[in-house]
Amino acid sequence: MSDARKKPCCICRRWFQPDPRIGVRQRACRNPDCQVARRRKKQKQWREFNPDYFIARRILDRGKADRAPEPLRLPPPLNQLPWDIAQFEFGGKGTDFIGVLGTVLLRGAQSQFGAYLTDSARVSDILPPSATQSQIRPVAPSGCGDPRA
Ligand SMILES: [Zn+2]
């Protein structure tokens with residue numbers, strides 16, 4: 001029986017005898033540490049191939065609540081936007097999606113900017129200190145006229 005041949009564990013590299021019921025599909029030995037490590041490795045792989053799964057699940061779960069969920073906690077400058085207006089206009093799921101989209105774009109821009117800064121420290125001299133915040137102005141307080149009108 002070829003399935004019963006010994007093979008190296010994908011975690012600890014020690015040779016082991018695969019369980020005959022699992023056969024060639026068994027990649028890690030029976031050591032609990034190797035089983036845990038293999039499971040974590042597999043889950044990490046799965047998350048990398050399905051990056052949208054948990055975000056989609058969270059948005060859908062938040063949409064199931066009877067009343068409107070609390071707005072997402074977003075990093076600055078996204079937290080300066082009037083998310084109550086977005087919830088009114090686009091609903092909970094639409095607003096959550098926009099919030100997540102903004103956060104993903106912001107993180108992408110920040111990581112690009114960080115990499116650029118390590119290449120050239122002179123950038124900080126050229127850019128104004130609040131370059132990202134000057135693009136997005138908070139809604140004027142009531143009494144100064146409704147900017148949405
Ligand atoms: Zn092992």
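Count residues from 1 along the sequence. Each ligand, and each atom within it, is numbered from 1 in the order the structure gives.
- Tyr53 and Ile55 fall into different hydrophobic clusters, where Ile, Leu, Val, Met, Phe, Trp and Tyr are joined by side-chain heavy atoms under 4.5 Å apart, directly or via other members.
- Phe97 pairs by the ring pair (Phe, Tyr, Trp, His ring centres under 6.0 Å) definition with nothing, not counting sequence neighbours.
- Note on Phe90: it clusters hydrophobically with Leu72, by side-chain heavy-atom contacts below 4.5 Å among ILVMFWY residues.
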All N/O donor-acceptor pairs, side-chain side in residues 32-39, below 3.5 Å, sequence neighbours left out:
{"unit_1": "Gln35", "atom_1": "NE2", "unit_2": "Cys29", "atom_2": "O", "d": "2.7"}

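- For residues 90-102, every residue pair satisfying the side chain to side chain donor-acceptor pair (under 3.5 Å) rule, not counting sequence neighbours, is listed here: Arg62-Asp96.
- No donor-acceptor pair closer than 3.5 Å links the side chain of Lys7 to the backbone N or O of Arg27.
- Within the protein, the number of N/O/S atoms found under 2.8 Å from the Zn ion (ligand 1) is 4.
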